[in-house]
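Written out below as structure tokens is the structure these notes cover.
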Amino acid sequence: MDSILFFQQIVNGLSLGSMYALIAVGYTMVYGVLRLINFAHGDIMMVGAYIALLLINCLSPFINTTLLDNHYVLAIFIVALIASMIFSSLVGVIIDKIAYKPLRKAPRISLLITAIGISFFLQNLFNMIFTSTEQQFPVPPIFEKMVTLGKVSMTLGSLLVPLVTLLVMFIVLILLYKSKYGIAIRALAFDIQTVNLMGINANRIIAIVFALGSALAALAGIFWSSNYYSVYPTMGTLVGLKAFAAAVLGGIGSVVGAVLGGLIIGLTEVMVVAFFPDLSGFKDAFAFIFLVFILLFRPTGILGINFEKSRF
Amino acid sequence: MIKMKISALIYIILAIAFIVIAPHFFDSYGMGILNQIAIYITLAVSYNLINGVTGQFSLEPNGFIAIGAYAAALVLLSVDQKNDLFSLEDPSPIILAFHTNSFILALIIAGFSACVLSLILSFAVFRVRGDYLAIVTLGFGIIIQKLAINFPSLTNGSMGLNGVPLFSNLYWTGGIAIIAVILILNLVYSKFGRAMKAIRDDEDAASAMGINTFWIKTLAFSTSAFLEGVGGGLLVCLLGSVSPEQFGFEFTFVLLIIIVLGGLGSTTGAIVGSILVIGGMEWLRFLDELQIKIDILNINIESMPGLRMVAFSLVLILVMLFARRGIFGDKELNFFLSKNSKKKGFK
């Protein structure tokens, strides 16, 4: 394999990995505050993609097609992206309020079952409304523009995804470590009782965590569907599971770990398929094999966080 | 104790009587549903052992059922049938080497292949506690599906297998359901069962009491895997065909609804849950063909495929939110009949 192809694969892997990372951050934050594997998180990604698809389809007719300009298409895409992130975070908060909040004091197994119920509910609801056929996702043409860096050429989209992810992660980390809410979130991960005693409204902080995680998941969903040009109701399941594996790999409860884990899993997946094409049928299984090995040899993940005393 | 044994005997006789009488009262459609209910009782009761009794939240049944189904189908198909069937790739010699006409042997093979895999899996998942089991077992189901698609020489890939001899009838399915229930109840009331319940209630305390939690969990896991494999074998001989798509996560989800509705940890609950959910699914079939016309938006939805599953996921969420203990809690039918129920009351 020559080096040009290798670098292209690295960019592809980083692009895929940063999508996993965006979702993994939501998993890891919710796990940090509630000790809950939020099975519905992958489906929120699907919800985000569908909302963006609907918005783009709704807004597009308002533009004169003869004057169809790339800038307009891009503007619509960005508007849809932001609106979908806001709406998805609302969905996340509503799910928390309706399904998880009444079960705060219940055994954790009840919470997990409810989360699965929500995941299945969302999938089937969207399956019912939009049917299970894959729908084409309109991608702004600018994303498909080829960029050449030295000898390596790639689409602008696959270059933008890691960059945007990096930016978003930077913002999230600043929020977590510099803002008052961020401090409250991290405090919640230490001890929920003490946080309540300090006069912080724990439920509001948990809602913020869900909102933030869901917005990131929606972003990942839109990136995902622009990368693969399609949206379908079960798209979130497998991606969500892999992202969870990424969160565990990085050390669940740690945001930096989630990003790291996501990138590692994305890169491995792309590299293995590139180097061993025979194994491409099993590319969905790597994340779980990773997961099993981590559980066997280092259950605390790369960053070595003890999940009984989880920290961000 | 003698009372309990007598009442158990009465239940068994009643169940056998029902199996014998049923063909005279139900048409073939009804018998099909009864067969399904019987298979789901086997599956739900064994799933309940790991999920409800031992309290280890695992989501593996679809994987083990798929393995059981494939194992039974591959053993029961004759060499000629296999050669005709495998269109993507020639069948591998391992597949051709095994063939039996004995249904019971096929079921045992199905059970053991699931059991062996569960033993391997348990080494990975029971090293750590809690939620990881859920995600690894969920991933396991997906991997099994991928393997079935990507090994055409073993499983005929996404084409699946068909023409499996239809051995399953109510005598088999019902009989095995009764055996499964007796087996599970005997296990639950043995010292192993008490250890399992101790693990569910407090793993640290159980460990401090000298229970080898890892082996008890593995025992529960592999027992339920064995029965799920057998259930898969029964299912494939009822339907006559098997394909990878059949064993998606929906399968596990239905079983989860059954045991949650019946009450986690209650074998009686699992039986009643199977009857309610499988019967209810047939009854709610009209939901999928529902025609809805909304004039305001000018939307005319011809039918709503999937509305049934939406309804069932809502049932699961509502049961979890408002009636977390399900119908039976973790009690058995005997508890309600015995005098103790009045004295102890519900906890």
Side-chain angles (χ1 to χ4, degrees), chain A residues 27 31 35-37 39 98-100 102-103 106-129 131-132 233-234 237-238 240-242 244-245 247-248 252 279-285 287-289 291-297 299-300 307-308, chain B residues 51-52 55-57 59 121 123-136 138-140 142-147 149-151 157 200 248-250 252-253 256-257 259-260 264 287-288 301 303-322 324-325:
Chain A
Y27 269 118
Y31 194 91
R35 303 289 187 278
L36 159 75
I37 301 176
F39 278 97
I98 291 175
Y100 300 153
L103 293 173
R108 288 213 341 243
I109 192 167
S110 317
L111 256 177
L112 268 178
I113 295 171
T114 317
I116 289 181
I118 294 282
S119 155
F120 216 66
F121 173 72
L122 284 176
Q123 267 177 41
N124 281 295
L125 189 71
F126 277 72
N127 194 8
M128 191 182 85
I129 300 171
T131 73
S132 59
T234 51
T237 317
L238 201 58
L241 286 177
K242 284 187 202 167
F244 181 79
V248 178
I252 194 139
L279 292 176
S280 58
F282 300 106
K283 75 177 166 66
D284 295 330
F288 297 108
I289 295 165
L291 187 59
V292 168
F293 274 97
I294 306 156
L295 291 183
L296 277 178
F297 299 114
T300 49
F307 43 87
E308 287 305 315
Chain B
N51 234 351
Q56 304 298 309
F57 189 56
L59 297 168
L121 196 65
F123 273 101
V125 290
F126 289 136
R127 293 267 151 178
V128 286
R129 283 186 193 177
D131 317 333
Y132 292 97
L133 182 64
I135 211 99
V136 172
L138 187 52
F140 168 74
I142 289 170
I143 291 176
I144 293 294
Q145 244 183 332
K146 298 282 167 200
L147 289 179
I149 293 171
N150 285 304
F151 275 116
R200 173 186 64 192
F249 182 60
E250 298 80 30
T252 303
F253 189 73
L256 192 65
I257 296 176
I259 62 170
V260 167
L264 274 176
L287 278 182
D288 278 3
I301 300 161
S303 65
M304 309 277 270
L307 186 56
R308 204 160 49 124
M309 288 319 280
V310 174
F312 268 95
S313 33
L314 274 180
V315 167
L316 180 73
I317 297 169
L318 292 177
V319 167
M320 249 20 247
L321 287 181
F322 300 111
R324 212 181 310 138
R325 299 176 54 82

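Convention: sequence-line order gives letters A, B, ...; per-chain numbering from 1. Note that the structure is predicted; figures quoted are calculated from it, not measured.
Contact annotation for A/I113: both backbone and side-chain heavy atoms come within less than 4.5 Å of a heavy atom of chain B. For a residue to count as touching a neighbouring chain, one of its non-hydrogen atoms must lie under 4.5 Å from one of that chain's; by this rule A/L122 does not touch chain B. For chain A, the nearby part of B/L264 is the side chain; its heavy atoms alone come within less than 4.5 Å. Of the two parts of A/A106, the backbone and the side chain both hold a non-hydrogen atom closer than 4.5 Å to a non-hydrogen atom of chain B. Only the side chain of B/L59 comes within contact range of chain A, judged by heavy atoms closer than 4.5 Å. For B/F123, the part sitting under 4.5 Å from any heavy atom of chain A is the backbone (N, CA, C, O) and nothing else. Heavy-atom distances place the side chain of B/V260, and not its backbone, under 4.5 Å from chain A.
Taking all atoms of both residues into account, the shortest heavy-atom contact from B/L321 to A/I98 is CD1-O, 3.6 Å. Contact record, A/G117 with B/S313: O-CB, 3.8 Å, taken as the closest heavy-atom pair. A/S110 approaches B/R324 most closely through the heavy-atom pair OG-CD, 3.0 Å.
Among A/T114, A/L125, A/I116, the residue with the largest count of heavy-atom pairs under 4.5 Å with chain B is A/I116.
Taking CE of A/M128 as the reference point, atom CE of B/M309 lies at 13.0 Å (rounded to 0.5 Å). One finds the CD1 atom of A/I129 at 10.5 Å from the CG atom of B/L307 (value rounded to the nearest 0.5 Å). Within the model, atoms CD1 of B/I317 and CZ of A/F121 stand 6.0 Å from one another, a figure rounded to the nearest 0.5 Å. Going from atom NZ of B/K146 over to atom CG of A/L238 covers 6.0 Å, rounded to the nearest 0.5 Å.
Taking the six-membered ring for Trp and thresholds of 30 and 60 degrees, A/F120 and B/F249 have ring planes more than 60 degrees apart, a perpendicular arrangement.
Side-chain contact between B/L138 and A/F39 is present, with at least one heavy-atom pair separated by less than 4.5 Å.
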